[in-house]
Structure formats: structure tokens, C-alpha cells
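Quick note on labels: first sequence line is chain A, next is B, and so on, each numbered from 1.
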Amino acid sequence: MSLRVVGPMVLLLLEYAFVLAVGPLLLSLGRRVKARSQGRTGSPLLQPYRDLWKLLGKGAIYSDTSSWLTRWAPAVSFAALLAAVPLIPWLVLPAPLGYVGDLIVLVGLLALSRFIVALAALDAGSTFGGMGSSRDMWMGALAEPVFLLVIFAFGGPAGSTQADVIAARGVALGLGYLSPPLLLAVVAYVLLLLVETGRLPVDNPATHLELTMVHEAQTLEYTGRDLALLEWGQGLKLALMLGLLAALAVPWGLATTWGLLFLLAALAVTSLKLLGGHLFVSGLETRLAKWRLFRVPDLTTLAVVLAFGSLALTYVVGGGA
Amino acid sequence: MTSFATLALDLAAASALVTAWICLVHRRITALVDTYAVQSASLAVTEGLIAYLYSAPDLYLLALLTFVVNALVLPGVLRRVVRALRVNRMVNTYASVRVSALAGLGLLLLAILVVGPVVPYAEVSSAGLLPIATAILLIGFFLLISREKAVTQVVGLLVMNNGILLAGIALTYGLGLFVELALAANLLVLAIVARIFLARMKESFDHVDVDALRSLEG
């Protein structure tokens, strides 16, 4: 095989390794920030890796009343998230497999992952699973149209819904990429990220109080390697959402030429962006209390307003595209 | 450097718009006042950048004035009013929060539609500035008419005033320093009057809901 085939494959493997490794770290970083703000030391940064290792070594137990759905759901959900990884430029522009799909596909894959977990949580017939599924699908119904609108807001000026095309435009323009529509779209995206990844005003990822659980309620039925996949999947989803934000909002630092040094630099810059982004989100979380469930539409409405305003400023005022 | 300042100017104006929208979705009065303070600060930054870009030294003074009066003093007064009055801290609305947010979007579109033709004649050559300023003005007006409590209506008036300031600067570098100074002084007086008026209102009627003022007592 020639280098033109092997190169992108190696790069893709590297990106996968990076994203899979950084997901749990982001989760534990968020927990650490929250612990520190409450005057606790918090668990070690590597704790999620140890948990995953322990859980992966254990077998799974299934409820007698559950069907094949419960057995398959964690793998399908994880696979859907894995399939979304190449759609985002992590290190290099253009992304090695970026042409296989655009961000609408990404929204679809996230929806598939959400859908299959919700279905599996209903499968065993436990009350909490059903409640969590119901809430999660409701939030999904609110968040997904907004997600598409935000993608159009980002992609409008570039005339594309493909993440690496949008990011390439940003790298080419330099600081000139910053504009009022971009600012509006970024704020809308951050609001959306809170809903999509189940962060604090919407869902408390640390809670085990049944009445307020959303995502936790759906994983109650799982143990062992299935639970490991679901928890790893949460880290992966967080990394995906933050990686997309990094690529669309601050695309500078992505390597545009091939070379080991460029690659290492891009790796460092992307890690910094992800960690910085998550520090910001966790900082935001420590300042917020959980909202009542029926206030979630307030958040998504604001995101709609911001994204639509961004589009209006792009097309009517800026004469973009 | 200049292009960077132009960029920063656009971003500061856009963040003023974002804060105006956020004002529409707040349900607690103190959060509303905090957001107003952030908006005033970004307005002050916008003014400072215009002063730098168009070498208009008196705008520096205006920026400083905006920062001190609109971002520090007025929010401080309002916070004290809220604390002293011990009114229910929630924002009561005639239009629901979500409807308000969508109306805010509609107001931006209206602003773009209405002032779009005027944009080429504005002194400050930034395509988004005038529509954004007009949108902030309209959103302030909407806050004023759609909120029940006097304190929130004062915030609406202040947001509206921020929009007027920004629009004035975008069109003509402001209304002249002395007019602006008088305006700032007026605002302060307004805040103090509002403070006393609200205290009296609370004392006489035990609430600050203006809707209830329409019927006669006794």
C-alpha cells in the first residue's frame, strides 16, 4: 500500500487513540474542579481509567425480563459515537476521513446513540429507566433541531456543513474569522453542549438522587463491561462536543501540512483547547444550581434565538456566503 | 492593530446584543441586574474602541463614564433596592420567558429591516453596529412593557438607554460630550428617584407590581 493510503489510516488511528484516552480524563477533570470548588480534594485524575479497567474485567449480569436490546445497546451506542470521531478535524486539516460525512451525520449519530440507550433503559421495565428515557428523549427533541440550526450558523459563512471545511476557512482567515455571527453561534453552541452532555443546569452528572437523574437513571440496569462502555461513551461524547467546539470556534493550531512536528504541535494545541473548554464548562457548572426540568426549554429557546440571530447577521447584514 | 480593534469592536457590540437577549430569559431580578452590568461593560469597551479607531478623545471619557455609572453605580443602586425592598425576587412577566426570547429575535430582524438602508450613512463603518444597537433599544423597550415589577421596568429602561447610546455613537460619534454627560446625570437621578419611589410604593401598597396601581385604593 502506498503512503497516500497508509498515512491517513495511521493518522486516524492516532486520532482515535487520542479521543478515547482524553474522554475519561475530561470527566475526571470536571469532577476535580467541582470538588475543589466545594473544598474537597476530589478523586485522583486517573480514577476513571482505573474504574474502566476494573469494569472491563468483569462480566455482565442481565435482568431476566430484558431482551437482546439490553445486551446490544451499550455496544451500539458506543459504536455510534466512535463513528462520529472522523467527522471532526482533531489534528490535521483536511480531516483524514472528513469527506465521509458532514455535521448533520454527526447529529444523526449522536441521536442514534441517545435513542438506543433510551430504548434499552425501557427494556428491563424499571421505573427509573423509563423516567430517565422519557426525559432524555424530551431533551433530545428540544436539542437536536437547535443543534442543526447552530451548525447552519457556523457553516453559513463557509457555505458548507462539513466541519473540516468550516475549520479550514477559519485557519485561512486567521483572526478575521472572528465576527459577531461567530460569537452568537459559539454562545448558542455552549448552551447546547450543556443540554447534550447533561451538564449542570440541565442534568447533574454526579447525582444519584433518583428523582433528578436523567442519564444516570438509564445506566442503572448495567454492570461490568456494559457499564464501562456506557461511561466511556459519556466521556467520548463530551470529547466529541468539545472537539467540535474547538474546531469550529478556535480552529487555529490545526496542522495543515504533514509532518511529525506539526502533528505533535497540533496534538498539544488540541489537548489544551479541550481541557480549557472543559475547565470553562465545569467552572460554569460550579456557579449554577440544577434547574427545574421544565426550564430546559428556556435554555434551548435562547440557543435558537442566538443561532438564528447569527444566521440573520451573516446573511442580511454581513452579506456572507 | 487597527483591523484587530475593528474586530474587537464588532465582538463587543455583539456581546452587548447577547446580554440583551439573556436579560429576556432571566427569572431572578438580581441575575437580570448582573447581566445589565455586563452589558454596560461591553458597551463601555465598544465606546473605548470607537474612540481609539476614530481618534475621538472625548469618547474615552464617555467610555469611562459608561463604565462607572452604567456598569458599577446603577447596578449597585438596583441591587440595594432589591435587597432593601424585600420584594419577591422573581421577575414577573406579561409575556412568558420563551415568548420574550423569541420576540427578542423578532426585534433583531425588525431592526435589521428598518435600519438596514441607513447603515451606509453611519459614521462608524461597521455593518452590524447600527442594527445591533437598534435591536438592543427595541429589546429594552420590550423589557419595559412586558415586565410587571417596577424594578425590572427600570432595568428595561436602562437597557433601552444603552441601545440609544450605542446607536447615537454609531451614527454620529455620540451626541456630543455635554449631552452625554447630562444623560448620564439624568440616569443617576432616575435611579435615585426610582429607589425612593419604589420604597414609597412598597410602604403604601406592600408590593411593587405596577399593574395594581391602575385600580383606586379605598
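At a 4.5 Å heavy-atom cutoff, the contact between B/Leu109 and chain A is made by side-chain atoms alone. Contact annotation for B/Ser96: neither backbone nor side-chain heavy atoms come within less than 4.5 Å of a heavy atom of chain A. In this structure, the portions of B/Val25 lying under 4.5 Å from any heavy atom of chain A include both its backbone and its side chain.
Here A/Leu175 is the residue among A/Leu182, A/Val304, A/Leu175 with the most heavy-atom pairs under 4.5 Å with chain B.
The nearest pair of heavy atoms linking A/Leu184 to B/Leu17 is CD2-CD2, 4.4 Å. The two residues B/Leu11 and A/Pro180 make their nearest non-hydrogen contact at CD2-N, 4.0 Å. Considering all non-hydrogen atoms of both residues, B/Leu108 and A/Ala312 come closest at CD2-CB, 4.5 Å.
Summarising the geometry, atom CG belonging to B/Leu24 is positioned 11.5 Å from atom CG belonging to A/Asp298; distances are rounded to the nearest 0.5 Å. Of the inter-residue distances, the one linking A/Phe308 atom CZ with B/Leu102 atom CG reads 10.5 Å to the nearest 0.5 angstrom. Here the CG-CG distance, from A/Leu178 to B/Asp10, works out to 10.5 Å after rounding to the nearest 0.5 Å.
A 6.0 Å sphere centred on CZ of B/Phe67 holds no more than 12 heavy atoms belonging to other residues, nucleotides or ligands. Annotation for A/Tyr177: atom OH counts as buried by contact number, over 12 foreign heavy atoms lying within 6.0 Å. Heavy atoms from other residues, nucleotides or ligands lying under 6.0 Å from CZ of A/Phe280 number 12 at most.
Checked against B/Arg98 for a side-chain contact (heavy atoms from CB on, under 4.5 Å), the options A/Thr300, A/Val305, A/Thr301 give a single hit: A/Thr301.
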